[in-house]
2 protein chains.
Amino acid sequence: MLARDCFIAQAGLHLRLFRGHVSGMARKKNSSAETTRPRILDAALRLFARHGYAAVSMRQIATDVGVQAGTLYLYTPDKQSLLFELLQTHMQGLLDELATLPEAPSPLAALEDFTRFHIRFHRARRDAVFISYMELRNLEAEYFRKIEAMRQRYEAHLETVLERGKSAGLFVIPDTKLAAFALIAMLTGVNTWYREDGRLSLTRVEDIYWQMVRKAVGA
Amino acid sequence: MLARDCFIAQAGLHLRLFRGHVSGMARKKNSSAETTRPRILDAALRLFARHGYAAVSMRQIATDVGVQAGTLYLYTPDKQSLLFELLQTHMQGLLDELATLPEAPSPLAALEDFTRFHIRFHRARRDAVFISYMELRNLEAEYFRKIEAMRQRYEAHLETVLERGKSAGLFVIPDTKLAAFALIAMLTGVNTWYREDGRLSLTRVEDIYWQMVRKAVGA
DNA sequence: GTCTATAGCGAGATAGAC
DNA sequence: GTCTATCTCGCTATAGAC
């Protein structure tokens, strides 16, 4: 609680300092500054996914980026902020890309679009997905609520699709909320076993999962 | 490998010392010795599940049990052995209980039995399940392989059921392995949202999931 | 069988030189 | 903008008293 307030204050301060610095200078000669921060986030993403948030030290992240540990604190107020930013960026990207899906002509088409989108997006960002599911508990309460709210907006999209198909008499679903949970868990599960050099292409996997999804909702 | 042998040797040593002490004395007044080890495992299970293996300190486990940190090392050679024993015990329990399921009269009945068993068992041991999925990466290679092999034996059971139903013309399944992965992910997902005080009983949840499973395999 | 005490190490984070 | 140096803290694990 106290730690939380302290953290928010620090995050605000850091943001202000960082923006002021960028807008105040016209030079662009030393481009490492613009690329260091993304590289820190990339390294943190990969290391957190591989070893777990708690198991990764700031020193490891720094080594991976090629800077000293102290340098990290020019770009983030602390380790927790790094995690939160990764999760928030991931969830926002998920919602943004979902919003770009074209309006489907039918609930069935909308469900297929969602199925293929979910598999593709989650596969492409498997590290972020893994962190999103595993490290939520390491977020302080306020941050946790924000990420959780974004996740629920994503689930709500699928629920709406299912509800429409049910109302139109196309789907047979005993419980819309449970069906949404079940389908998302099933689709996300692809990440636990799929390998690029396996016997199936991702498109083929999409096809097979779509068949199972379609049958599961009784269409 | 070395660590494991070391652990067994030490556990044996400890057992011998302990027995010698008890048999040498007639008293039984201080019974804490028999209960301390299980209590350590219980505490570790709960804390690992809640905060993650790397985030939990031996001091926290000791505090939870009500002993000093140093005392833990009378019952386990190190922290990693604690994790491995929890995972192994869980997986063995899963396989043992699966083996007690009565022979089903048909592949459809066998699939229903599996579905309900999986939901019930995984719900009852959610902490161990969570650790099994999250903390595998914290195991050293040798330990990892052992747990992984047990998991594959469990999956093989479901694949066999699906294959039989497919051969009998009861199921329509484009790919048996993918269907097994998909169903297990879907069923395990119950743990992420189910609450004892929610609107649905676990039996009702089993019913609803079984309907979805049955339709997904085309039966 | 549990305690206190501590060795030895590495963590997160900060200060100030350049 | 990055470095070196360092503060303070908590960790795993061990030693030895009782």
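The sequence lines fix the lettering, A, B, ..., with proteins before strands; numbering per chain opens at 1. What you see is a predicted model; the values in this text were computed from it and never measured.
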Inset, instruction - Could you tell me how the ring of A/W193 sits relative to the ring of A/Y209: parallel (under 30°), tilted (30 to 60°) or perpendicular (over 60°)? - result: parallel
Legend entry - Phosphate contact (C/dG1 OP1 or OP2) by B/T36 side-chain N/O below 4.0 Å: no
Inset, instruction - For the side chain of A/D78, starting at C-beta, report the closest nucleotide among D/dC3, C/dA13, C/dC3. - result: C/dA13
Inset, instruction - Whole angstrom is fine here: how far is it from CD in A/Q60 over to C1' in C/dG10? - result: 11 Å
Inset, instruction - For A/Y73 and C/dG16, give me the distance from atom OH to atom P, rounded to whole Å. - result: 18 Å
Inset, instruction - Kindly say whether A/Q88 contributes a backbone atom to a donor-acceptor pair with the side chain of A/K146 at under 3.5 angstrom? - result: no
Legend entry - Spacing between A/M58 atom CE and C/dA13 atom P, to the nearest angstrom: 6 Å
Inset, instruction - Could you tell me the separation between the NE2 atom of A/H51 and the P atom of C/dG10, rounded to a whole number of Å? - result: 16 Å
Inset, instruction - May I have all residue pairs that pass salt bridge (Lys or Arg N to Asp or Glu O under 4.0 Å) and include part of residues 178-202 of chain A, sequence neighbours excluded? - result: A/R123-A/E196, A/R199-B/D175
Legend entry - B/S57 side-chain N/O to D/dC11 phosphate OP1/OP2 under 4.0 Å: yes
Legend entry - Distance-only donor-acceptor test, A/R59 side-chain atoms vs C/dG12 base atoms, 3.5 Å: yes
Inset, instruction - Would you mind classifying the nucleic acid contact of B/V56 as base, sugar-phosphate or nothing, using non-hydrogen atoms under 4.0 angstrom? - result: sugar-phosphate
Inset, instruction - Take the protein atom CG of B/L72 and the nucleotide atom P of C/dT4, then report the distance between them rounded to whole Å. - result: 14 Å
Inset, instruction - Fit a plane to each ring of A/Y154 and A/H122, take the angle between them on a 0 to 90° scale, and name the class: parallel (under 30°), tilted (30 to 60°) or perpendicular (over 60°). - result: tilted
Inset, instruction - Ignoring hydrogens and angles, tell me if any N or O in the side chain of B/T71 forms a donor-acceptor pair with the backbone of B/V67 under 3.5 Å. - result: no
Inset, instruction - Rounded off to whole Å, could you give me the CD1-to-P distance for the A/I61 and C/dA13 pair? - result: 10 Å
Legend entry - OP1 or OP2 of D/dT4 under 4.0 Å from side-chain N/O of A/Q68: yes
Legend entry - Atom-pair distance (CD on A/Q80; P on C/dA11), nearest Å: 19 Å
Legend entry - Shortest side-chain distance from A/L74, nucleotide among D/dA13, C/dA13, D/dG1: D/dG1
